Amino acid sequence: MKTRIISGLIMIPLILILVFRGIPLAIAAFVLSAIAVYELFKGFSNIKVTGNIFIAWGALILLYALHFLVPERHDYLTFWLVVSIIASFLGIFRADKHRAEDALVTILGIVYVEFFIYHIIMIDEGSYGIFVWVVAGTAIFTDTCAYFTGFFFGKHKLAPILSPKKTIEGALGGVVGSVLFSVIFALIAKVDIFPHMVLMGVVGSIFAQLGDLTASAFKRKIGIKDYGNLIPGHGGVLDRIDSIIFTAPAIYYYLQLVFQH
């Protein structure tokens, strides 16, 4: 636990990026995506499936180039997705060296890591840009409160096959922690949509935990414990942001469905 807490404290300065948002946030999202997709492909190489990191990185560069060239326009995303998927399939034209699974993992990295994380940038660009705090806050408080609630009170396993240490009590504690964060955030930021903040706390927490379990499912299937060792006590970057990967799209589409007409 001590190593985990120290590593968590070391990461706190990264939250300062949310204060500045804009370009610093975009750069951070780009770098984290580049590292995370590399870690994902390295993990899959454990079962002899080789994602094409150059295509994935090329897709990432194209995505953020479009972001800066045509800011506040997201209609290019469909174009980007189609181009990225086609490029992934082209990567297996050398059938003697690559298999269909390689293309599918390449697409997985592009969509699951790069596209999902990019939703943070789409939130930042919109009318409710301040809600990037909700994405980060609900994910972080869910993870932290679930860990400590499970550690002290956990008795009933949540998903023993995927993650033996996670408990139902911990999951509920994560939801409570996320809701508390959302309420406190609403009071500090003077956001006058209290019922929606509670709902976003619940939605953000549920998807954060689903993101965590999904990452665990991948690790279980490919036979690894962590995606990397960059962060002591936490594993790799992907191990640390797996919950945000699902939370960002969940909060983005909640905002779109409820507040955009």
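Computed from a predicted model, the values in this text were never measured in an experiment.
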Would you say the ring centers of [X] and [Y] fall short of 6.0 Å from each other?
{"X": "F218", "Y": "Y112", "result": "yes"}
{"X": "F181", "Y": "F141", "result": "yes"}
{"X": "F115", "Y": "Y118", "result": "no"}
{"X": "H119", "Y": "Y253", "result": "yes"}

Exercise: do S178 and S205 side chains pair donor with acceptor under 3.5 Å: no

Parallel, tilted or perpendicular: ring planes of F131 versus Y128, cut at 30 and 60 degrees: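 Rings of F131 and Y128: perpendicular, as their planes differ by over 60°.
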
Considering all heavy atoms, the nearest T106-D102 contact: OG1-O, 2.8 Å

Verdict with supporting geometry, F41 and Y38, ring pair (Phe, Tyr, Trp, His ring centres under 6.0 Å): CA-CA 5 Å; F41 290 175; Y38 171 79; 8.5 Å; no

Pairing residues for F194 by the ring pair (Phe, Tyr, Trp, His ring centres under 6.0 Å) criterion, not counting sequence neighbours: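 Partners of F194 under the ring pair (Phe, Tyr, Trp, His ring centres under 6.0 Å) test: none.
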
Under 3.5 Å: donor-acceptor pair, side chain of W80, backbone of L62: no

Main-chain N/O of L238 paired to E39 side chain as donor or acceptor, under 3.5 Å: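 Answer holds: yes.
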
Member of T214, D226, N46 meeting the side-chain contact (heavy atoms from CB on, under 4.5 Å) criterion with K219: D226

Within 6.0 angstrom of F207 CZ, more than 12 heavy atoms from elsewhere: no

